Amino acid sequence: MTLFADVVVPLPVERVFRYLVPERLRGAVRPGVRVLVPFGRRELTGFVVSLAEEPGPDGVSLKEISVVLDADPVFGPPFLAFSRDLARLSYVSWGEVLQSALPPSFLVRERTSVSLTPAGADVARKGGLGKRERELARLLGSRTYTPAHLSRKLRGVDVSGLLARMESKGLVQVRKSVGALEPRRRPRPQKPPADETQLVLDFRAGSVRGEAVDPVFQRLGAGGFASFLIRGPQAGRDALYVALLREVGARSGTAVVLHPEVASTRAFAERLETRLGGVAAVLHGEVPEARREREWRRVREGRVSVVCGTRAALLAPLARPLVFIVDDEHEESYLQERPAFDVRLGARLRAEAEGALLVMGSEVPTVESVHRARKGGWLVELPGEERPASVEVVDAGRDKGLISARLARALAGALAGGGQAVVFHNKRGYAASLVCVQCAFIPKCQRCEIPLVLHKRGGTLVCPLCGESKPAPIACPRCAGRFQARGAGIEAVEEALRRLFPDIPLASFDSDALIRRGDQDAVVRRFARGALKILVGTELLARRRDVPAVSLAAVLAPERILARPDFRAGQRAYQALHRMIRFCAGAEGGRALIQTALPDHFVIRSAAAGDYEAFCREETDFRRLLGYPPFSAMAEVVLEGGSLRGVGGEARRLAEALRRADSSVEVLGPALAAVPRVRGLFRVQIALRAADREAIDAILASSLPPGGGRLSVSVFS
DNA sequence: AGCACGCCGACT
DNA sequence: GTCGGCGTGCTC
């Protein structure tokens, strides 16, 4: 009987393709192996996801798998199932998810090389070529290049079309070759000594048990999927995680610990190292690629029982994972990067697929997670909180100027006592925009259509989205009028502080002042030494964990976050304030000051009081009253494209299809996205609201064009 | 993502 | 009149 295989490819194509399995590859083609397949006129690395005995319904003529790249599958059945669901619910292709689970070297790439034929060189010498053709011939000479290189050199030229024409005329030769065809069957490093893992786990260390966390250990003992949300301070959570990892080691299982950023991953890995010894692999973006591949192999060979890392670690090739830990559950950075998926969703799906425990933790979890965990009875609250001695809220409205008199006094007091201070202002540059006082002209980015930010340091106007910068104009290009600066940025705060404290050493801490990682580290070290007394910082500073506790932590204008057009704005503001206030926790007499135009807003009041409960109650009420998640599910579909006409039409058709599909789903838009244009691409969005996530997924599954392509979806529930 | 097919402006 | 731009659609 003929055998067939279903294959996914690492392209933004949300389909499974069926191939013929030639007789010679019968035994070798198994679910989870990498294969080389003809795809269009290319040869691609694909992943076999299942075998079939039928050619499929639609009578397409099937192609044959050409090569099997693995002797043993790189993906097991639970991983295939998990990645399929993750891809479907994240609206990205299965093949791309699988690709991102492997080291880059596992993708065999087809190399295309272009060279001039003798005939082509001849014609070129005789001047018988068109303008474009001549240029290409000159570029090639007697050498060989890839089409990508050629199109980089010949900007704005359709190289593929040009090459096709020249190839058909016999002027150039286009050759394709595939590298590294042998299945990777490197000599398996002899069985890891069975006791290597055992050796490093220290079971004698005290356990962190208590009534609150007992259910977690019980469920781990019982086996199978269960989830928990741990709300509590970092130290308590870390202790619980380490205890869980010990338990996992005792059961000869493995675990994944996810953190939102490289810095927190490192910090945890170090703590783990001192408490458990070298059982962990560390995977994040700042680990060099070769090292990452080694770590990946260590995990795959079962020589590691814990993987610590940022989101990529979720896809690590662990055998027998018993626990998935997602720390700082509330962090946004769990959403970004491509392929774009929500790590919390991913961790839940993988834990379900593997029959493992999902443990999420945070000191300030999202109200969505708290709501669900309360309802499901899996919220675990740990005692203790790091609160600053005092937090004062200052009404900015009473004062003109960036630094209120109250804040200036507080700063002076802290400095007089020999203390240090941090001042947070989360806005880069000197002024948010320039406005002509005569004609009201606002300089905007040509490609992104948002106001350009004035950077006084460099004397430039910079686009906050695409980074393009140009010299700041002296006068309005339209009417030669004078410009006025609007909206103070961090440079203006630094300037105001220098005026107030001319003799105090201070520095700005933002990505413009300190571009390189090393410079940022150096400034933190100088601050820690006491060589700097005040740091003025953006979010970049707020996310550091290595800044010593200060006498005064000041936050300027947190209401800017509340003004964002996003139902989670309150939550984000609370989390940001929590993070920033924390900088004075632990210092002798440490205090915080929030200078805001909205001193009575419940988010600012509860953040100042360190009262998460109160915040969560009010925020949850607000969500309930306005029908936002977790009391509904929302989705945002963003379409991108080169022309507004094209994207607009596509969006209109999609919105119509969505409205027709299910009248119980609210469809808003299409409208220009909050960021209407990025790097020259127009962005149009459609928002959806429905009773639950299932309704959203159902309507999108039925209405999205099967091509997928230039559109991204985020779902909130 | 590539790559081909198909419809409207500036040049041999 | 064609060459050549990119909008649209497909890849087993």
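A quick note: this is a predicted structure, and the numbers were derived from the prediction, not measured. Order of the sequence lines fixes the chain letters, A, B, ..., with proteins taken first and strands second; residue numbering starts at 1 for each chain.
When rounded to the nearest whole Å, the span between CZ of A/Phe17 and C1' of B/dG2 equals 13 Å. Residue A/Arg18 contributes atom CZ, which lies 20 Å from atom P of C/dC10 at whole-angstrom precision. Rounding to whole angstrom units, NZ of residue A/Lys63 and P of C/dT11 are separated by 9 Å. What separates CD of A/Glu43 from P of B/dG2 is a distance of 15 Å, to the nearest Å. Rounded to whole Å, atom P of C/dC12 lies 10 Å from atom CZ of A/Arg42. If you measure from atom CD1 of A/Ile65 to atom P of C/dC12, you get 13 Å, rounded to the nearest angstrom. Nucleotide C/dC12 holds its P atom 13 Å from the CD atom of A/Glu64, rounded to whole Å. As a whole-Å value, the separation of A/Leu44 CG from C/dC12 C1' is 12 Å.
By the 4.0 Å N-to-carboxylate-O rule, A/Arg572 lies close enough to A/Glu332 to be salt-bridged with it. In summary, A/Glu368 and A/Arg568 do not engage in a salt bridge, as defined by a charged side-chain N under 4.0 Å from a carboxylate O.
Note on A/Phe39: a base of the nucleic acid sits closer than 4.0 angstrom, heavy atoms only. If you check every strand for non-hydrogen atoms under 4.0 Å, A/Pro10 touches nothing.
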How far apart are the C-alpha atoms of A/Tyr91 and A/Ser712, what are their side-chain angles, what is the distance that settles it, and do they pass the side-chain contact (heavy atoms from CB on, under 4.5 Å) test? CA-CA 7 Å; A/Tyr91 302 91; A/Ser712 69; over 6 Å; no
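Closest to the side chain of A/Val13, from the set C/dC12, B/dC3, B/dA1, is B/dA1.
Aromatic ring pairs are classed by plane angle as parallel below 30°, tilted from 30° to 60° and perpendicular above 60°; the pair A/Phe75 and A/Phe79 is parallel.
Put simply, A/Arg41 has a side-chain N or O that comes within less than 4.0 Å of OP1 or OP2 on B/dA4.
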